[in-house]
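Before any comments, here is the structure.
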2 protein chains.
Amino acid sequence: MTNIHDIAKQAGVSVSTVSRVLNNYKYVASDKRAAVLDIIEALNYTPNKHAIDLIRGETRNIGVILPYNNNTAFDQLLHGILNKASKQDYLITVLPSQYDKAKEIGYLEKIKSKLFDGIILTSRANDWEKIVPYSQYGPIISCEFTEQPEIGCAYTDRYRSFLDALQLLKNKGHQAVAFTTARLASNSTTQIIAAYQEIFGDIPAGYHITNCQSLDDGYAAAQQFMQLPERPSAIYANGDEVAGGIYLYAQSQQLQIPSDVAIIGQENQPVGIGLGLSTVDHQLTKIGEQALNLVIHRSKEKVNIPYQMVERQSM
Amino acid sequence: MTNIHDIAKQAGVSVSTVSRVLNNYKYVASDKRAAVLDIIEALNYTPNKHAIDLIRGETRNIGVILPYNNNTAFDQLLHGILNKASKQDYLITVLPSQYDKAKEIGYLEKIKSKLFDGIILTSRANDWEKIVPYSQYGPIISCEFTEQPEIGCAYTDRYRSFLDALQLLKNKGHQAVAFTTARLASNSTTQIIAAYQEIFGDIPAGYHITNCQSLDDGYAAAQQFMQLPERPSAIYANGDEVAGGIYLYAQSQQLQIPSDVAIIGQENQPVGIGLGLSTVDHQLTKIGEQALNLVIHRSKEKVNIPYQMVERQSM
DNA sequence: CTAATTGATGAAATGCATTTCAAGTCAAGC
DNA sequence: GCTTGACTTGAAATGCATTTCATCAATTAG
């Protein structure tokens, strides 16, 4: 491989001068600059990124830890991150963790090895105490709220959002509200359970189904809900794909929506538009964008992104 | 930052010995090894990845150029790539191009600068002649077929798949078959048009709608198709989300599926399972996995992944 | 009891570009 | 005529870990 020394030799200047040309410094005689540029062109030279990163100690590469790489919600987050990154000339490396603690730590170690300038955590498997120490090597930003002072976050207030949505259902006269969630151990699930209890009290048996991700999970969940002795009059799904499945099952049973059963989804995903599903938009794309901003500014701010109720016909 | 010299000094050995410990060589006296390990622990040392990459000339980082970062099909590809990469201990950097030629070239330049060991092209904006020269710096693998000898690819035979699907519809008695596509300028669109002409001859006016990506695009397309003086009896959608939209529109019009209108989608996506949509599975996840294999083996093979017909109730 | 291994270790070279420091030229200002 | 500031430029230090080469000790084989 040809390197900066080769260029210097061929152009009859010192490496410093080549470096100056490469980095567009003023104070390089125009004939030398031209000569260097010519040789660079002739030798088809490109500076070695590792050498640059090594000496500069900066990479413009951000790692994004995401548990699932085929989940619409994380895709939305990633979408926002990529948008902003692309504009700011940052590169994004995706780090799939499957909620594996060791894997997650492995990725965090990479910030210590200087591979990344910062890391965005879309969700996490480890306790904060395991994660926080890594923030001394570079900014770590969470897409969920955290009170950890060392960790900046861009988040939406899930608890309030759940309270709002459930209260809205209650106000519309629903007493029998069922809901679906993804991972039982997630932050989001904890929040909705708390909100549910706040609004409706104890969760009736069978009114909460977990591990719902896709449209057919929703379909299956709806089937279960509808076989319950006391059928729910409204269902709050943890995503619009799941809500879509619920909608389709209801429709297959000739149930009227929303009179027989009301449905609300989350995240305002494309499937919901066609089906006219009401949804709570947690603004995941915006959260992603904001998270990226926080990393590149090495900020430890807590940025609250307001969620949005999108009322369509299913509620 | 503490570096390998610090460790060497504190442990009373040479940097070579530290390096040997770091890389698990035999032939290090166990007491020295222990001493080094102790100091590493005490000083909380992690080797600098840039220094390693610089000297090794290898990164275990693969770039994946993808035009859209919020498109289900590319997500499936990426999903496959990430799965394999994670297992093989490779990192994936996603490079969103929006089909911008300059951006794409910019990403390819990065393989020249040694940032990536290889690049996977899920789709491309530039002509091959612009892309091929970069393959001298590292493997470039395409997820579409190419006859370029320098470029390995993992692909499915789109033309055959389209021929098959359309022939199947014809055999079932359909003469009026409409179809949707994504970008007009894409490889896939070119193939389906050719296949269509092969099977059915000229495309009737209004029988081809482009720029369909999401469920509501499908919904809108169906609406247009159904207003045509000669209504199609079957629609071949360019994805299951789009097919889902078509399904929902048809249902909203009390049309029987498949007797009034048959629908086939592509890619076997979750939405299709719930709706019972027939689909042609182009095995995007497998293609992604295979593409990653090709990069890490620096192979220029052309690997054909067979597509699969998935017959459900919509056809 | 030599010759040939195996084991252990450090000095120095290597990979590559950036940046600081010192030094030198030349023209403008007093 | 001398000082000062704007330009130019190169040598050398820097960032960090790997690897080759040479050396030396301790065995083992013959």
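Just so it is clear, the values below take in all heavy atoms, side chains as well, and ignore hydrogens, waters and symmetry mates. Lettering follows sequence order; numbering is per chain, from 1.
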Protein-nucleotide distance ([X], atom [atom1]; [N], atom [atom2]), rounded to Å:
X: A:N3; N: C:dA17; atom1: CG; atom2: C1'; answer: 9 Å
X: B:I4; N: D:dT14; atom1: CD1; atom2: P; answer: 18 Å
X: A:K112; N: D:dC16; atom1: NZ; atom2: C1'; answer: 16 Å
X: B:L54; N: C:dA13; atom1: CG; atom2: C1'; answer: 14 Å
X: B:D31; N: C:dT9; atom1: CG; atom2: C1'; answer: 12 Å
X: B:H5; N: C:dA11; atom1: NE2; atom2: C1'; answer: 10 Å
X: A:D6; N: C:dT14; atom1: CG; atom2: C1'; answer: 14 Å
X: A:I55; N: C:dT18; atom1: CD1; atom2: P; answer: 8 Å

Below 4.0 Å: OP1/OP2 of [N] and any side-chain N or O of [X]:
X: A:N23; N: C:dT18; answer: yes
X: A:K32; N: D:dT9; answer: yes
X: B:R33; N: C:dA8; answer: no
X: A:N48; N: C:dG15; answer: no
X: B:Y45; N: D:dA17; answer: yes
X: A:T17; N: D:dG10; answer: yes
X: A:Y25; N: C:dT18; answer: no

To the side chain of A:S16, which of D:dA11, D:dA17, D:dC7 is closest?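 So the nucleotide nearest the side chain must be D:dA11.
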Which nucleotide in the set D:dC7, C:dG10, C:dA12 lies at the smallest distance from any side-chain heavy atom of B:V13?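 Of D:dC7, C:dG10, C:dA12, C:dG10 is nearest to the side chain of B:V13.
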Return the 5'-most residue of the pair A:A29, B:L22 with respect to DNA chain D, ranking by each residue's nearest nucleotide. A:A29
On DNA chain D, check which nucleotide each of B:K49 and B:R20 is closest to and give me the residue with the more 5' one. B:K49
Nearest heavy-atom approach of A:S123 to A:R183 is OG-NH2, 4.2 Å
Quick one: do the B:S19 and B:S16 side chains pair a donor with an acceptor below 3.5 Å?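 Distance-only check fails for B:S19 and B:S16.
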Within the 4.0 Å heavy-atom criterion, would you say A:V18 contacts the bases, only the backbone, or no part of the nucleic acid? nothing
Does B:K302 reach the main-chain N or O of B:T146 with its side chain, forming a donor-acceptor pair under 3.5 Å? yes
Looking at A:R124 and A:E104, is there a salt bridge between them, counting it only when a charged N and a carboxylate O are closer than 4.0 Å? no
Pick from A:T93, A:D53, A:D117: which one makes a side-chain hydrogen bond (donor to acceptor under 3.5 Å, both in side chains) with A:N61? A:T93
